[in-house]
Every structure is written in C-alpha cells, then in structure tokens.
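This report refers to the structure that appears directly beneath it.
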Amino acid sequence: MKKKLLVLALVLLTATAAVGGTLAYFTEEETARNVITTGAIDITVVETTLEEGKEVPYPSVPVEAMPGSELSKIVRIKNNASDAWVRAKAVVVVTKGEEVMELTEEELQEVITMDYDTQSWTEKDGWWYYNASVKDETAPLFTTVTFSGEEMGNEFMDTTITIDVYAQAVQTANNGTTALEANGWPKPAAE
C-alpha cells in the first residue's frame, strides 16, 4: 500500500509540476509596421524652336537645312519628380538613302555643330552634366545647330541628319554634391 501511495504521490507531483510549470510562463507578442517611401525620378527632353521670336514646340516633320545654315533647336531637360542630377548627350546620325554614313566624331563636328552652354553644363566623356540639381527644368543644353558651308561637300547632298538627345537622371539625396560626383548613372541603350 505504501508503494501505491508513493506512486500516486509521484504522479500527482509530476502532474502538478507540469501544470504549474506551464502556467509560470508569460508571453507577449507585438508587431511594428514601418512605412518607407522613396522619391521618384522622371525627366522629359523638351525641344523647342524660335518662330517669329517665340518659342514653340520643335516640329515633328523633317526640317530642311542647307550648308551654311543655322537652325533654332532649343533643348532642355524637364524634371517631373524629385530633385535630380541630370546629364544629356546629343548623337548625330547622317543617312543617305537607307545607309548610315560612316563618319568619325571629328568629321561630324567639322560639319555639324551645336552651341553647347558651357556655363550651365560640363562635358565629360561625351556626356553633358548639368552643374546644379534640377528641381524644374535645366537651362538649354544648346539652342542652335549650325551646318558648315565650307566643310559640307556634295557627299552630304540628299542626306537625312538626325540629332537624338539622350538624357538621364539620378537622385540628388545622399548622392554627391554635383552631377559629376553622383553615382548610379545607367548605361544607355545607345552605347
């Protein structure tokens, strides 16, 4: 009988310890929700021309030019979002019929020139970097395109000259003090 009482006492003691042990733990659960927002980068290349002293959108149809002529083509970069560092590049392509003329950069510059704004923009490695962060719109990258009369020979007769302007932007926040110091410039598809 003593054995039965001892076994029963041990069983009760074990059960009490198990129940008491689980009742001794307190728990708590909490969730913290953090919302983080980021800025956006959104730019537009804006091209205008002067007609009768007023700036109007650049025509979507081809513009005719002769050797020695100067065309009004005003190029700005408009910022549609957060402050940004901006860089731009003008790429000139000359086609005759269906074929692209193989011209070096130097040959192109002898024939076609743009009056780049070297006060507001700085050239480095073929890109023009805007010298200030852009909140709204840049100063013009250039305002005129000039076709050399002396250097533009008969090989340019019946050609189409296309000037494509590529622009890129990166955030200014925590990204250098100038566009030249900024990181994160994407590699353009044209390169």
Side-chain angles (χ1 to χ4, degrees), residues 41-80 84-170 178-182 184-191:
I41 300 293
D42 181 17
I43 58 171
T44 306
V45 176
V46 178
E47 296 179 311
T48 59
T49 188
L50 286 179
E51 282 186 11
E52 298 175 12
K54 294 184 181 181
E55 255 185 78
V56 297
Y58 198 80
S60 59
V61 297
V63 177
E64 290 192 25
M66 298 295 289
S69 64
E70 184 177 280
L71 297 178
S72 170
K73 182 176 178 80
I74 304 164
V75 176
R76 293 184 183 89
I77 313 305
K78 181 179 181 194
N79 184 4
N80 305 308
W85 298 120
V86 171
R87 72 178 184 175
K89 169 190 259 191
V91 176
V92 179
V93 177
V94 181
T95 55
K96 190 166 193 160
E98 297 291 321
E99 294 194 27
V100 174
M101 290 178 67
E102 297 295 326
L103 299 167
T104 66
E105 197 67 34
E106 292 78 27
E107 289 171 326
L108 278 173
Q109 289 176 359
E110 288 177 3
V111 177
I112 303 160
T113 57
M114 282 79 86
D115 66 334
Y116 287 102
D117 175 356
T118 58
Q119 297 299 312
S120 301
W121 296 82
T122 301
E123 191 274 333
K124 180 182 176 192
D125 300 327
W127 285 92
W128 288 86
Y129 293 79
Y130 198 61
N131 293 335
S133 70
V134 180
K135 296 176 186 344
D136 182 35
E137 191 172 79
T138 66
L141 175 61
F142 56 87
T143 57
T144 59
V145 178
T146 304
F147 300 90
S148 172
E150 297 173 8
E151 301 296 328
M152 206 168 194
N154 286 340
E155 68 271 17
F156 288 93
M157 195 179 317
D158 292 325
T159 60
T160 300
I161 299 170
T162 306
I163 302 172
D164 293 322
V165 178
Y166 298 94
Q168 297 178 338
V170 294
T178 69
L180 290 168
E181 295 174 3
W185 294 108
K187 183 173 180 170
E191 289 187 336

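Atom CD1 of Ile74 and atom CD of Glu47 lie 10.5 Å apart (nearest 0.5 Å). Distance NZ/Lys73 to OG1/Thr146: 13.5 Å, rounded to 0.5 Å. If you take CD on Glu107 and CE on Met101, they are separated by 8.5 Å, rounding to the nearest 0.5 Å. To the nearest 0.5 Å, the span separating CG on Asp115 from CG on Leu141 amounts to 9.0 Å. The distance from the CD1 atom of Ile43 to the CD atom of Gln168 is 7.5 Å, given to the nearest 0.5 Å. Atom CD1 of Ile112 sits about 5.5 Å away from atom CE of Met152, to the nearest 0.5 Å.
Around atom CD of Gln119, no more than 12 heavy atoms belonging to other residues, nucleotides or ligands sit under 6.0 Å away. More than 12 heavy atoms of other residues, nucleotides or ligands sit less than 6.0 Å from atom CD of Glu110.
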Could you walk me through whether Trp128 and Asp117 satisfy the side-chain contact (heavy atoms from CB on, under 4.5 Å) test, starting with their C-alpha distance in whole Å, then the side-chain angles of each, then the deciding distance to 0.1 Å, before giving a yes or no? CA-CA 9 Å; Trp128 288 86; Asp117 175 356; over 6 Å; no

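With Asp164 contributing its side chain and Val91 its backbone, the two residues share no donor-acceptor pair below 3.5 Å. Side chain of Thr138 to main chain of Ile77: a donor-acceptor pair is present (N/O by atom type, distance under 3.5 Å, no hydrogens or angles). A donor-acceptor contact shorter than 3.5 Å is absent between the side chain of Glu70 and the backbone of Thr144. Between the Tyr130 side chain and the Ala139 main chain, a donor and an acceptor come within less than 3.5 Å of each other. Checked by atom type and distance alone, the side chain of Asn131 pairs as donor or acceptor with a backbone atom of Ser120 at under 3.5 Å. A donor-acceptor contact shorter than 3.5 Å links the side chain of Ser72 to the backbone of Leu50.
A pairwise comparison of heavy atoms in Ala169 and Val86 identifies CB-CG2, 4.2 Å as the closest pair. Nearest heavy-atom pair, Ala65 versus Leu71, reported as atom, atom and distance to 0.1 Å: CB-CD1, 4.0 Å. The shortest non-hydrogen separation linking Glu155 to Lys96 is O-NZ, 3.2 Å. Residues Val170 and Gly184 come closest through the heavy atom pair CG1-O, 3.5 Å. Nearest approach of Phe147 to Met66, heavy atoms of both residues: CB-O, 3.9 Å. Across all their heavy atoms, Asn79 and Val134 have their closest contact at ND2-O, 2.6 Å.
Using modelled atom types and a 3.5 Å distance limit, the side chains of Asn80 and Thr44 yield a donor-acceptor pair.
Residue Tyr129 forms a ring pair (Phe, Tyr, Trp, His ring centres under 6.0 Å) with just one option from Trp85, Trp121, Trp185, and that option is Trp185.
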